[in-house]
Amino acid sequence: MIQSMTGFGKAQGEYLNKKFTVEIRSLNSKGLDLSVRMASVYREKELDLRNFISRRLERGKIDLSIYFENNGEQKIAINKALLAAYYSELQGIQRELGIASQPEFLSLLLNMPDVMQSQREELDEAEWAFVMQLVEQAAQHFDQFRMQEGAVLGHDLLRRVATIAQLLTEVEVLAEQRKPAMRTRLLKALDEIRDRYTIDEGRFEQELVYYLEKLDITEEQVRLRSHCTYFNETLQASSHEGKKLGFIAQEMGREINTIGSKCNDPEIQRLVVQMKDELEKVKEQLLNLM
C-alpha cells in the first residue's frame, strides 16, 4: 500500500517521576529533512536518534519533539560560598556608605547570579531506553497515519488515471473517423482545382498517404494506454514508488501533448485539454507520496 509523505504520530508514557511525550510530524520534501527538539541531557544520543529516524521514516520534512514534565521535586542547589561572598561585599558597601540600619539581605542574595542552581541531570540509560520505546510507538502511529492518507490519495489517483483512459477511448473513436473524413475533404478540395491544374494522381496518392501518416496518432494512443496501465500496476504494487510514478506521469504527459499537436481536430483537442487537466492533478497528488 502506498503512503503519504505527510503524517503525525504521538506517544506518551511515564518513567519514575517524569511524564514523557514524543511527537512526530512530517510534510512534503524531496529527501529527508529532520529537525529534533529535546532536552539537553539527551543531546549525546541525538546522532543515534537521527540514524533511527532516517532508517525508519525515510523521506519528508520531519519534526521530532521529545519533552517531559517533572512530577517530582526539582533538586535545587544553593552556592553557599558565592552567597557568603555577596553578603560580605554588601556589608562592606553598607559600612562605606554609613548606612546605620541593618537591611534585609536574604531575598536580595537569593536573586544574585548563580546563587540558586538546578542540579544538572546525568543521562540515565534506562530512562533513554524508555524514551526510545516511545519514539518507536510514535513512529508506528505515524506510519498508520501515512498509510491511511496514502489510501485516500491512491483512490484519487486511480480515479483520475481511469478518467484519462476513458478520454483516450473517446480519442481513439474520433481518430478512426478522422482519416476518411480528412481524405474526403482533401479530395473535395482537389476536385475544385482539377479543371485549372494537371494532377498526377499517383503522386497525389503518395503525398496523401504521407500527410495522413504524419497526422496519425495510433502509436501515441498505444503508448499512453500502456503508461496508464503501468501507472496503476506500480501504484498498487509497492508503498514507496512516488518518484517512479512521477516519471510515468511525465511520459503520459509527453504522449498527451503529441496527440494534441498532431491530431488537427477540434474534438480531439478538447479531449486532450481534459486529459491534461486530470494529469496535472495527478502530478500534484504525487508530490504527497513516499
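Applying the salt bridge (Lys or Arg N to Asp or Glu O under 4.0 Å) criterion to Arg225, with sequence neighbours excluded, gives Glu172. When the side-chain hydrogen bond (donor to acceptor under 3.5 Å, both in side chains) test is applied to Asp156, the partners found at least two apart in sequence or on another chain are Arg159, Arg160, Gln285. Remark: Arg56 pairs with Glu136, Asp143 by the side-chain hydrogen bond (donor to acceptor under 3.5 Å, both in side chains) rule, at least two apart or across chains.
Looking at every heavy atom in both residues, Glu58 comes nearest to Leu32 through O-CB, 3.4 Å. Closest approach of Ser26 and Ile62 over heavy atoms only: OG-CG1, 3.8 Å. The two residues Gln221 and Leu168 come nearest to each other via the heavy atoms O-CD2, 3.6 Å. Taking all atoms of both residues into account, the shortest heavy-atom contact from Leu153 to Ser4 is CD1-CB, 3.9 Å.
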Show your reasoning for whether salt bridge (charged side-chain N to carboxylate O under 4.0 Å, His left out) applies to Glu14 and Lys18.
-> CA-CA 6 Å; Glu14 292 189 15; Lys18 294 179 181 178; over 6 Å; no
Salt bridge (charged side-chain N to carboxylate O under 4.0 Å, His left out) between Arg37 and Glu46, worked out: CA-CA 10 Å; Arg37 298 184 186 89; Glu46 182 172 349; over 6 Å; no
Salt bridge (charged side-chain N to carboxylate O under 4.0 Å, His left out) between Glu220 and Lys262: does it pass, once the steps are laid out?
-> CA-CA 10 Å; Glu220 287 77 11; Lys262 291 175 67 175; 3.3 Å; yes
### Task
Kindly determine whether Arg25 and Glu23 satisfy salt bridge (charged side-chain N to carboxylate O under 4.0 Å, His left out), including the steps that lead there.
CA-CA 7 Å; Arg25 304 173 186 271; Glu23 291 185 351; 3.3 Å; yes
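Salt-bridge annotation for Glu149 and Arg146: absent, with no side-chain N of the basic residue lying under 4.0 Å from a carboxylate O of the acidic one.
Residues Lys19 and Tyr67 have side chains that never bring a donor and an acceptor to within less than 3.5 angstrom of each other. With hydrogens and angles left out, the side-chain atoms of Asn257 and Lys276 include a donor and acceptor closer than 3.5 Å. Side-chain polar atoms of Tyr15 and Gln133 form no donor-acceptor pair below 3.5 angstrom.
The 12-atom threshold is not exceeded at CD of Glu176, counting heavy atoms of other residues, nucleotides or ligands nearer than 6.0 Å.
Ring geometry for Tyr42 against Phe20 counts as tilted: the plane angle lies between 30° and 60°, on a 0 to 90° scale.
Side-chain N or O atoms of Ser88 include none that pairs as donor or acceptor with a backbone N or O of Ala84 at under 3.5 Å.
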